[in-house]
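Beneath this line is the structure, given in structure tokens, with notes to follow.
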Amino acid sequence: MEEQNTPRYVLGKREEDGRYPVTVDNTPAGTVHRRHGSWYITIPGHRNEHRFDDRYKAADYLVILADKGIRPTIPAPGETHAPGTSVLDTQPGHTATSTYRHLVPDLRLTVPNLVRAAEAMARLAQLGWVPLEGYPGADQPWLMECRLCGWQGRRFWSHLRGRNGDPTPRPANRHPQCIAEKEIPSALISLAAERTRTCSCEFQHTTEIGPALSILSLLRCQISNGDTEATTMSARAILEPCPASTRRANVLRIAERRRAAALRATRP
């Protein structure tokens, strides 16, 4: 009888965000998680788009990457703190990215997904929420902080954006132990005074159609070239918190539609 090989990985218990921590040879190697029927791996500090049939195949791939020296280089998403306090970009010659790097979408890195992330975060600002990690998709739990009381936890974007044409966020009481439901509208009105139509930030964010078309074109080229680091740096213009985030999201959507239409026009 052949002796079965013992896996070098250990699959931990499921965490609150749905991820399973994986150690390889007793050293943290990343996490695995399920999304839309497939399994994916996460290695903090690296992006990986491989898809697997089950958690065990995903964990096996973490072993392969660990043998290549690819291991976490920054804290896991669950350890990310409020905007402005997360890990800095330590690569020589690069500007610190603590205000937005943790907001890069936890999805396949594409221009449409970056635009969706900007739109979702703009709506979160209107609803009094602060995202503490990248946009994970509409039906995945998203770690955020309530600006009305400071509570931190996971909400679903599909619930906050509304459903079936009704934009009313749910639930009406936001989360357990929030402020009284009758006080929520006035609190959100007070927060609305912070939003503007123009960017007054030291770093000028994209709030006009021309610059929006340019940044989306640049991002598309960087993604096509597989330059994840450059893409992340360029994403600052559309992901970093800004008082004009609503206008930014609107112009990005218009620019993305124009970009997509132009691409379709070039096809035979």
Side-chain angles (χ1 to χ4, degrees), residues 35-36 47 49 83 94-95 97 99-127 129-131 133-140 142 144 156-169 192 194-268:
R35 185 171 70 231
H36 304 312
R47 294 194 70 86
E49 306 295 344
H94 285 173
T95 304
T97 58
T99 56
Y100 76 94
R101 191 182 187 99
H102 63 294
L103 298 176
V104 173
D106 186 19
L107 297 166
R108 182 184 177 193
L109 198 54
T110 66
V111 168
N113 279 340
L114 286 168
V115 173
R116 292 187 191 101
E119 290 177 316
M121 290 190 292
R123 181 58 175 155
L124 286 190
Q126 295 173 356
L127 298 175
W129 293 97
V130 176
E133 62 185 6
Y135 172 64
D139 296 311
Q140 299 297 317
W142 192 0
M144 56 187 70
F156 287 89
W157 170 235
S158 59
H159 296 175
L160 295 176
R161 72 180 180 185
R163 288 181 179 273
N164 301 321
D166 179 3
T168 304
E194 300 175 2
R195 298 197 298 275
T196 63
R197 286 184 54 80
T198 58
C199 174
S200 57
C201 304
E202 182 178 351
F203 178 91
Q204 287 296 297
H205 301 105
T206 304
T207 57
E208 300 294 338
I209 296 296
L213 287 167
S214 296
I215 192 64
L216 294 186
S217 178
L218 174 63
L219 285 165
R220 182 171 177 270
C221 289
Q222 291 171 335
I223 292 171
S224 296
N225 293 334
D227 194 339
T228 302
E229 187 63 31
T231 302
T232 302
M233 299 300 291
S234 298
R236 178 179 187 180
I238 63 177
L239 295 180
E240 191 172 45
C242 175
S245 61
T246 298
R247 177 175 175 80
R248 175 175 62 183
N250 289 338
V251 300
L252 284 170
R253 173 52 58 194
I254 294 171
E256 170 58 8
R257 286 172 179 164
R258 290 186 182 179
R259 185 189 71 87
L263 287 175
R264 288 194 299 270
T266 61
R267 294 171 186 165

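Just the heavy atoms: all of them, side chains too, but no hydrogens, waters or symmetry mates, feed the values below.
- Between atom CD1 of residue I254 and atom CD of residue E208 there is a gap of 10.5 Å, rounded to the nearest 0.5 Å.
- For the side-chain hydrogen bond (donor to acceptor under 3.5 Å, both in side chains) test, residues two or more places apart in sequence or in another chain that qualify with E119 are R253.
- Nearest approach of V251 to T207, heavy atoms of both residues: CG1-O, 3.6 Å.
- Side-chain N or O atoms of S234 include none that pairs as donor or acceptor with a backbone N or O of T231 at under 3.5 Å.
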Donor-acceptor pairs under 3.5 Å, side chain of residues 211-220 to any protein atom, not counting sequence neighbours: which ones?
{"residue": "S214", "atom": "OG", "partner": "G210", "partner atom": "O", "Å": "3.3"}

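- To the nearest 0.5 Å, atoms CG (L252) and CZ (R116) are separated by 13.0 Å.
- The side-chain heavy atoms of E133 and M144, taken from C-beta on, include no pair separated by under 4.5 Å.
- Nearest heavy-atom pair across W129 and L160 is NE1-CD2, 3.9 Å.
- Rounded to the nearest 0.5 angstrom, D227 CG and M233 CE are separated by 11.0 Å.
- Minimum heavy-atom separation, A230 to Q222: O-OE1, 3.4 Å.
- In this structure, S200 and C242 have side chains that are not in contact, with every pair of non-hydrogen atoms separated by 4.5 Å or more.
- When all heavy atoms of C199 and A244 are compared, the closest pair comes out as N-CB, 3.9 Å.
- In terms of modelled atom types and a separation under 3.5 Å, the side chain of N113 and the main chain of L107 share no donor-acceptor contact.
- Of all heavy-atom pairs between R161 and A138, the closest is NH1-CB, 3.7 Å.
- The closest side-chain heavy-atom distance from L103 to P241 is below 4.5 Å.
- Once rounded to the nearest 0.5 Å, the distance linking CD of E202 with CD of Q204 reads 10.0 Å.
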Task: side-chain contact (heavy atoms from CB on, under 4.5 Å) between W157 and Q140, intermediate numbers included - done: CA-CA 8 Å; W157 170 235; Q140 299 297 317; over 6 Å; no
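- Taking the ring centroids of Y135 and W142, they lie under the 6.0 Å cut-off.
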- [ ] Could you walk me through whether V111 and E256 pass side-chain contact (heavy atoms from CB on, under 4.5 Å), step by step?
- [x] CA-CA 8 Å; V111 168; E256 170 58 8; 3.3 Å; yes
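- Side chains of P105 and P136 form no contact here, defined as non-hydrogen atoms less than 4.5 Å apart.
- Between T228 and L109 the shortest side-chain heavy-atom distance falls below 4.5 Å.
- Checked against a 6.0 Å centroid threshold, the rings of F203 and H205 count as neighbours.
- The closest donor-acceptor contact from the side chain of R248 to the backbone of T206 lies at 3.5 Å or more, if one exists at all.
- Between I209 and R258, some side-chain heavy-atom pair lies under the 4.5 Å cut-off.
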